[in-house]
Number of protein chains: 2
Amino acid sequence: MAEEPRNTGAHLVYGELKRRILSLDLKPGERIYEPAMATALQVSRTPLREAIRRLISESLLEQLPTGGVLVPALDEKVISELYDVRAALESLMAREACANATAADLEELRGILARNAAMVEFADEAMKYGVALHAAIARIAGNSWAQRFHGQIASQVERYRYFTNNAPERRDEALANHRLLVEAIASKDEEKAAKVAFEHVIGARDETLRVISASGLAVE
Amino acid sequence: MAEEPRNTGAHLVYGELKRRILSLDLKPGERIYEPAMATALQVSRTPLREAIRRLISESLLEQLPTGGVLVPALDEKVISELYDVRAALESLMAREACANATAADLEELRGILARNAAMVEFADEAMKYGVALHAAIARIAGNSWAQRFHGQIASQVERYRYFTNNAPERRDEALANHRLLVEAIASKDEEKAAKVAFEHVIGARDETLRVISASGLAVE
DNA sequence: AAGAGTGTACTTGTATACAAGTATCCACTT
DNA sequence: AAGTGGATACTTGTATACAAGTACACTCTT
């Protein structure tokens with residue numbers, strides 16, 4: 001995850017393309033033509049290709065057998081897989097956070113939790129502190145590979161953001177799970193923490209799948 | 001993991017560089033200079049750079065803040081992280097295999113197990129069937145993202161191959177764990193399967209760390 | 001002698017020209 | 001009319017030339 005964003009053109013192009021993909025500004029299924037995109041971004045094909053290759057390696061772009069490149073379609077099966085892997089990773093990080101958390105760390109977690117609770121009626125803020133909690137746990141766990149994979153998963157899931165459920169009762173449930181998680185970490189109960197984290201994410205998965213099957217997922 | 005290895009020069013170079021990195025033919029800490037490597041591999045810098053970038057994105061190469069590229073050093077902390085993530089992923093796949101395994105799948109797993117048992121006295125063969133068992137479970141689980149990450153982890157671990165313990169008693173223990181795992185999958189006991197897989201890999205981690213601290217890990 | 005400054009050799013980053021391959025469209029054949 | 005053949009326009013893949021930046025050594029100063 002530790003990105004050194006060296007001010008090279010390829011990195012800027014990477015960031016811009018990634019932003020467009022995650023925001024669905026570049027539509028799923030849409031093909032990318034190098035010359036057109038290069039002129040649009042005002043760079044030559046060389047740094048553009050570098051950015052494209054990197055995005056392919058993260059599955060934020062997809063390579064056709066013949067060599068063309070396109071934005072991957074959205075897919076219900078894939079999102080289920082993503083949440084499952086995310087559950088496994090967050091579960092692991094919760095477990096490792098148990099072993100590593102200092103008193104100061106626990107204070108930080110409880111602080112985030114309190115802000116989360118205070119803001120639970122505001123969807124944006126609640127989401128923000130939820131993410132902050134996960135980030136803090138990831139930092140405490142200190143497993144760079146878990147963080148890296150988790151970051152890739154998060155990027156993927158971002159494309160399905162439209163289908164996540166932010167209803168108030170859902171936020172209450174998340175908050176309750178977060179409380180359980182922090183307390184498990186505080187009591188150094190690895191098994192409990194791992195289990196709570198796992199099931200929390202699985203719950204989010206099922207909820208998202210429910211929203212998708214209700215609202216319909218456009219796949220071309 | 002589904003790689004379409006299109007016969008492009010960049011892919012060949014990628015494969016060759018990866019092979020050299022994993023075999024420690026390119027030594028940890030060694031820097032890579034594009035012009036020299038390009039002439040050595042008889043391609044221009046363009047496909048070489050493409051391969052290098054891809055390897056960087058998999059952390060099989062490392063980029064210096066100033067732009068140079070080198071082979072990452074071996075590091076005891078990292079290998080612990082790798083095994084932990086691997087444990088989480090294999091645990092997940094074992095769980096998912098429980099849900100998906102057909103009678104034919106179980107037969108396949110038991111077949112591999114039997115061959116593993118028959119060959120337990122031969123290190124290479126035993127290792128081979130161990131890998132085959134994990135591959136079969138991964139296939140049955142059918143989670144492409146878990147497989148993808150697991151593959152990356154496996155590549156990383158490959159560089160530490162020298163430090164893995166292949167002693168006979170170690171192989172017996174692995175076989176016993178594999179038996180437990182297959183039986184858990186056969187009985188559709190997700191929690192059991194997940195737990196056995198997790199602890200099996202954690203055991204391998206501890207053994208590897210023991211070997212490393214005994215034999216000493218050369219870091220420059 | 002130690003340090004700062006400068007110049008040179010070499011590195012990576014980018015643009016562009018070219019080669020090879022793919023798809024599409026139209027004419028032509030059956 | 002349908003299908004096949006080929007020519008054409010356009011795609012991606014590669015090589016190379018060039019620009020920008022980095023590191024290192026050497027000299028000159030103090």
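Because only heavy atoms are used, hydrogens play no part in the values below, and waters and symmetry mates are left out as well, while side chains stay in. Every chain is numbered from 1 and lettered A, B, ... according to where its sequence line falls, protein lines coming before strand lines. Values in this document were obtained by computation on a predicted structure and should not be read as measured data.
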Open item on the list: For a quick check, with a 4.0 angstrom heavy-atom cut-off, what is the B/S/- contact string for nucleotides 8-17 of chain D, read 5' to 3'?
Closed with: ---SBBBBB-
- [ ] Provide the full list of side-chain hydrogen bond (donor to acceptor under 3.5 Å, both in side chains) pairs with a residue in residues 32-43 of chain A, sequence neighbours left out, each pair given once.
- [x] Glu34(A)-Arg45(A), Glu34(A)-Arg49(A)
Open item on the list: I'd like to know if the side chain of Arg171(A) and the backbone of Asn166(A) have a donor-acceptor N/O pair within less than 3.5 Å.
Closed with: yes
TODO: Please answer whether the main-chain N or O of Thr102(B) pairs with a side-chain N or O of Asp105(B) as donor and acceptor at a distance below 3.5 Å.
DONE: yes
Open item on the list: Taking side-chain hydrogen bond (donor to acceptor under 3.5 Å, both in side chains) as the definition, give me every residue that meets it alongside Arg110(A), ordered by chain and number, with sequence neighbours left out.
Closed with: Glu183(A)
TODO: Evaluate the salt bridge (charged side-chain N to carboxylate O under 4.0 Å, His left out) criterion for residues Arg54(A) and Glu50(A): first the C-alpha distance (whole Å), next the side-chain angles of each, then the deciding distance (0.1 Å), finally the verdict.
DONE: CA-CA 6 Å; Arg54(A) 189 167 160 201; Glu50(A) 196 160 299; over 6 Å; no
